[in-house]
Every structure is written in C-alpha cells, then in structure tokens.
Asks: 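Below you'll find the structure I mean.
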Amino acid sequence: MELTISKLDTKRHTGPQIRNVVMKNAAKLQTMTKTNMTRAYKKGYSKGTTKESTDLTLEDGGMTAIVAPHTEYFPYIEYGTRYMEAEPALNPAFQKIKQDFYKDVMDLINK
C-alpha cells in the first residue's frame with residue numbers, strides 16, 4: 001500500500017481528492033462495522049453500547065481515518081477469551097473495505 005501511495009502525483013492528485021477517498025472508505029468501514037455488530041451481538045447481554053460507541057475520527061488534515069469502538073471490553077468481544085467465543089465485527093469489515101480503498105486509490109492514480 002505504501003508503494004501505491006508513493007505513486008500519487010501531487011500535481012495531478014489534490015489533497016481534497018485523496019481526502020475524499022479516505023473519508024468515503026472510512027464512512028463505509030464505520031457503517032459496515034456497526035452492521036456486523038448488529039448481526040454478531042445477539043446474546044441477551046447485548047445492549048448496543050459498543051455499536052453506539054463506534055465512531056469515526058479524522059486526523060492529519062483528513063489523510064488518516066480512525067474507526068474504533070470505545071468500550072473497554074471491545075477486544076474481548078472482537079477476539080474472544082478462553083471462556084467466550086470471538087464475535088468479530090471490526091476486522092471482517094476492515095478486510096473488505098481495505099480492498100475497496102486500494103481500488104479507489106488505484107483508480108485515482110490511473111485517472
């Protein structure tokens with residue numbers, strides 16, 4: 001991915017174009033993560049707190065996006081414990097959106 005990003009010609013590809021790709025894919029990641037949480041978290045103790053705490057933060061002038069839940073127990077749900085099976089929501093969404101992001105960056109480069 002770093003090699004692809006280094007191919008971006010700053011004269012042809014403006015900051016707003018790149019930021020739009022970052023924002024579009026980050027928003028898709030947030031939405032897909034929340035959808036995955038709705039599907040995965042079906043047990044009786046689920047109140048939707050982790051899903052509602054999942055937010056999108058932009059940094060570096062919109063060049064970096066962070067999608068993350070903010071409950072202290074999220075890693076236990078995502079990865080499981082020795083007592084509880086994993087109920088992944090963020091990683092499957094990331095694996096899908098990563099491919100979309102790569103395609104969008106390549107489309108921008110090849111314009």
Asks: Pick out which of Lys103, Lys98, Lys96 makes a side-chain contact (heavy atoms from CB on, under 4.5 Å) with Asp100.
Replies: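 When side-chain contact (heavy atoms from CB on, under 4.5 Å) is applied between Asp100 and each of Lys103, Lys98, Lys96, only Lys96 qualifies.
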Asks: Mind listing the closest non-hydrogen atom pair of Asn25 and Asp104 along with its distance?
Replies: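 Shortest heavy-atom separation between Asn25 and Asp104 comes out as ND2-OD2, 3.0 Å.
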Asks: Is any side-chain heavy atom of Thr49 closer than 4.5 Å to a side-chain heavy atom of Tyr73?
Replies: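 Yes, close enough: below the 4.5 Å cut-off.
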Asks: Does Gln17 reach the main-chain N or O of Leu108 with its side chain, forming a donor-acceptor pair under 3.5 Å?
Replies: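 Looks like no, no N/O pair under 3.5 Å.
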Asks: Side chains of Ser53 and Thr71: do they bring a donor and an acceptor to under 3.5 Å?
Replies: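 Not at all, the side chains of Ser53 and Thr71 share no donor-acceptor pair under 3.5 Å.
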Asks: Heavy-atom count check: over 12 atoms from other residues, nucleotides or ligands less than 6.0 Å from Tyr76 OH?
Replies: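 Count not over threshold, so no.
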Asks: Within the structure provided, determine whether Glu78 and Glu87 are in side-chain contact (heavy-atom separation under 4.5 Å).
Replies: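 A side-chain contact is absent here, since even the closest heavy-atom pair is not under 4.5 Å.
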Asks: Testing the basics here: between Ala65 and Val22, what is the closest heavy-atom pair and its distance to 0.1 Å?
Replies: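 So the minimum-distance heavy-atom pair works out to CB-CG1, 3.8 Å.
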Asks: Which pair of non-hydrogen atoms, one from Lys34 and one from Lys51, has the smallest distance, and what is that distance?
Replies: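 Residues Lys34 and Lys51, closest heavy atoms: CE-O, 3.3 Å.
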Asks: Run Phe101 and Leu29 through side chain to side chain contact (heavy atoms under 4.5 Å, CB included) and show every step you take.
Replies: CA-CA 10 Å; Phe101 178 72; Leu29 177 59; over 6 Å; no
Asks: Test your reading of the model: is there a side-chain donor-acceptor pair from Glu85 to the backbone of Gly80, 3.5 Å cut-off?
Replies: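 It does not hold such a pair.
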Asks: Could you tell me which non-hydrogen atom of Val67 sits nearest to which non-hydrogen atom of Ala26, and how far apart they are?
Replies: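 Reported closest heavy-atom pair: CG2-O, 3.6 Å.
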Asks: Working to the nearest 0.5 angstrom, can you tell me the gap between Lys28 NZ and Leu56 CG?
Replies: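 These two atoms lie 13.5 Å from each other.
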Asks: If you measure from OH on Tyr41 to OG1 on Thr50, what distance do you get to the nearest 0.5 Å?
Replies: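 Taking OH in Tyr41 and OG1 in Thr50, the distance rounds to 5.5 Å.
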Asks: Looking only at heavy atoms, what is the nearest atom pair of Thr33 and Ala93, with distance?
Replies: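 Smallest interatomic distance, heavy atoms only, reads OG1-CB, 3.5 Å.
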Asks: Which heavy atom of Thr54 sits nearest a heavy atom of Met37, and at what distance?
Replies: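 Shortest heavy-atom separation between Thr54 and Met37 comes out as OG1-CE, 3.5 Å.
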Asks: Hey, what do you get for CZ (Arg19) to OG1 (Thr64), rounding to the nearest 0.5 Å?
Replies: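 Rounded to the nearest 0.5 Å, the CZ-OG1 separation comes out at 11.0 Å.
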Asks: So how far is it from Lys24 NZ to Ile97 CD1, rounded to the nearest 0.5 Å?
Replies: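 Answer rounded to 0.5 Å: 9.5 Å.
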Asks: Hey, does the side chain of Glu59 reach the backbone of Ile66 with a donor-acceptor pair shorter than 3.5 angstrom?
Replies: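 Side chain of Glu59 to backbone of Ile66, a donor-acceptor pair under 3.5 Å: no, none is there.
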Asks: Is there a path of hydrophobic side-chain contacts, each under 4.5 Å between heavy atoms of I/L/V/M/F/W/Y residues, joining Met84 to Tyr79?
Replies: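 No, because Tyr79 and Met84 fall into different hydrophobic clusters, even though each may have its own neighbours under 4.5 Å.
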Asks: Is atom CD of Gln95 surrounded by more than 12 heavy atoms (other residues, nucleotides or ligands) closer than 6.0 Å?
Replies: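 Check passes, neighbour count above 12.
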